[in-house]
Amino acid sequence: MKKLMITATIVLGTLSMQAGTTFIKTTKVQLETTQEEYKEIDAVPAAIKTALDNAYPGVKLEKAYVNEKKEYKIEIVVRDVKSVVYTDAQGNILKK
């Protein structure tokens with residue numbers, strides 16, 4: 001009788017098992033970084049100096065760079081705090 005019960009359990013157990021397909025969804029993310037080429041320059045236009053003096057009293061220009069679009073990247077120091085400001089040729093401060 002024990003053998004019959006064990007056999008029945010094994011048969012019913014194997015019949016109730018179902019093979020399932022597992023789907024794994026993967027997502028690939030590709031980031032594209034565009035870096036603008038800035039070239040270091042010695043002096044900036046007077047309009048930029050005036051705009052920076054008005055916006056940041058006591059500003060000191062450390063380095064200046066320009067790209068092909070005539071956008072300026074200027075490293076400044078205000079009250080011993082270094083930061084970078086982007087402007088156009090007319091002195092308008094750009095947000096980047």
Check: For Glu40, which residues count as a side-chain contact (heavy atoms from CB on, under 4.5 Å) partner, sequence neighbours excluded?
Finding: Lys63, Tyr65

Item checked: Nearest atoms (heavy-atom pairs only) where Ala64 meets Val44 -> CB-CG1, 3.4 Å

Next item on the list: Could you tell me which non-hydrogen atom of Ala89 sits nearest to which non-hydrogen atom of Ala47, and how far apart they are?
Entry: O-CB, 4.1 Å

Check: Any side-chain heavy-atom pair from Tyr72 and Asn67 closer than 4.5 angstrom?
Finding: no

Checklist line | Val77 side chain near Val59 side chain, heavy-atom distance below 4.5 Å | finding: no

Notebook entry, point to check: What is the distance from atom CD1 of Ile93 to atom CD1 of Ile74, rounded to the nearest 0.5 Å?
Noted result: 9.0 Å

Next item on the list: Mind checking the CD-CG spacing from Glu71 to Leu94? Nearest 0.5 Å is all I need.
Entry: 5.5 Å

Next item on the list: Walk me through it: do Leu52 and Val85 pass the test side-chain contact (heavy atoms from CB on, under 4.5 Å)?
Entry: CA-CA 9 Å; Leu52 289 176; Val85 177; 4.0 Å; yes

Notebook entry, point to check: For Glu75, what residues pass the salt bridge (Lys or Arg N to Asp or Glu O under 4.0 Å) criterion, not counting sequence neighbours?
Noted result: none

Next item on the list: Keeping to residues at least two apart or across chains, list the side chain to side chain donor-acceptor pair (under 3.5 Å) pairs with something in residues 76-89.
Entry: Asp88-Asn92

Item checked: Chi angles and distances behind the side-chain contact (heavy atoms from CB on, under 4.5 Å) call for Val84, Lys73 -> CA-CA 7 Å; Val84 176; Lys73 174 183 171 183; 3.7 Å; yes

